[in-house]
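These notes are about the structure you will find just below.
For ligands, and for the atoms within them, numbers begin at 1 and follow the listed sequence. Basis for what follows: all heavy atoms, side chains included, without hydrogens, waters or symmetry-related copies.
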Amino acid sequence: MDIKYFDNAATTALDKDTLDRMMSYFSDCFYNPSSIYSASVNAFNAIEEARSKVANALNAKANEIYFTSGGSESDNLALKGFAYANSKKGKHIITSCIEHPAIINSCKTLEKDGFEVTYGSVLENGIVNLEELENSIREDTILISIMSANNEIGTIQPIKEIGRIAHEHGIKFHTDAVQAIGSLKIDVEDMNIDMLSLSAHKFYGPKGVGALYVRKGTLINRMNDGGHQEKDKRSGTENVPGIVGLGYAIEKAYLYLEENTKKISELRDYYISEVEKRIPYVRLNGDRVNRLPGNANFSFEYIEGESILLLLDRKGICVSTGSACSSKSLEPSYVLLSIGLPHEIAHGSIRVSIGKHNTKEEVDYLIDTLVEVVEKLRNMSPLYEEVRK
Ligand SMILES: Cc1ncc(COP(=O)(O)O)c(C=O)c1O
């Protein structure tokens, strides 16, 4: 069956031209970039070229970029690495209750180690409550970590404003930009960002490679012991093909940013308006305006998201009920509960994330199939029966 892929927030297809760039670093130029002989210089140079590409995309300096194994590792390194390196200044961290588990669980680990964490609330549209955030700052607050955009509901946070608040209080600011990079322009200088996490597989690069931006002068400890790679902040022989792929993918993402964003957001808006027109009792989750170009998260009342997902899957359509990390759990999404959805409505939610390869025909197929599937499930739902009486 022909697959219609609408789960680009979970991962994206590696671009063939990016793969081509990576290939020679698996075999022909397989050398260890840390070796001294001249054959390894090409591998070393390839990493440095990728570092410059990442830095250019963020308006950072190349020596502020550290390569990691992906978004989760970057988040762990930012939070724990910063907390342990700066614990003498204070042990209080502020984050939000809708962060990715890589942030929430890093905070839980830090709490076991004597740090205190405030998990700030969000408004109904998923935007961080700025007043509450500022009021939660204390004498011993050392770090604020707020994601640039949410992976489930797509809400884009006022990052520049949060960075400004942090800096006004002499606090460092980290943002998990894993969902934002490749979809939004992020300038670390202009947006007052001190640390930023990103991951290549979210913007048509390879899986298992990411980066952490750390502003010069921001102290972090390394989290894994070993050799001196990545200026002693991340030990382990570098994933050279992956890093080359990351560099090329981020450069390409920003070269085509406007073109892709326009196409993707038009398809997303079309999907949203058709769903609202053709399916009763739906609720769009997240902010209508400040949302990632490809994200549309709907709750369909009186039915279960899992059932919708399975019936769509039978028709070759890939969507998600939440984030890929929690989609195997039957608990309703904590993000949807945090924006105030009751359990039963949170349970009936489907995230569609449109990418650059999706077409209008595919979106039409998705909408038509969804209309059928929702109707079929509602016809079997005793709850819906009550409503129709
Ligand atoms: C917001 C956010 N942060 C972090 C991650 C983890 O990234 P990775 O899969 O590269 O470890 C994800 C992945 O879905 C994400 O959406």
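- Aromatic ring pairs are classed by plane angle as parallel below 30°, tilted from 30° to 60° and perpendicular above 60°; the pair His343 and His347 is perpendicular.
- With a 4.0 Å heavy-atom cut-off, ligand 1 is reached by the side chain of Asp75 but not by its N, CA, C or O.
- Considering both main-chain and side-chain atoms, Gly71 comes within under 3.5 Å of ligand 1 through a nitrogen or oxygen pair.
- Donor-acceptor pairing under 3.5 Å is lacking for the side chains of Ser40 and Asn32.
- Between the side chains of Asp75 and Ser197, at least one donor-acceptor pair of N or O atoms lies under 3.5 Å.
- Side-chain polar atoms of Asn56 and Tyr254 form no donor-acceptor pair below 3.5 angstrom.
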Check your understanding: Does the pair Gln179 and Met147 meet the rule for a side chain to side chain contact (heavy atoms under 4.5 Å, CB included), with working shown?
Key -> CA-CA 9 Å; Gln179 290 290 334; Met147 66 203 323; 6.0 Å; no

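- Close approach of ligand 1 to Asn151 (heavy-atom distance below 4.0 Å) involves ligand atoms 1 (C), 16 (O).
- Residue contacts with ligand 1, taken as heavy atom pairs separated by less than 4.0 Å, involve Ser199 solely via side-chain atoms from C-beta onward.
- Closest heavy-atom approach to atom 15 (C) of ligand 1 within the set Glu152, Met147, His100: this belongs to His100.
- Between the side chains of Lys202 and Thr12, no donor N or O sits under 3.5 Å from an acceptor N or O.
- Counting the atoms of ligand 1 from 1 in the order shown, those under 4.0 Å from a heavy atom of Gly70 are 10 (O).
- The residue from Glu99, Lys202, His201 that puts a heavy atom closest to atom 9 (O) of ligand 1 is His201.
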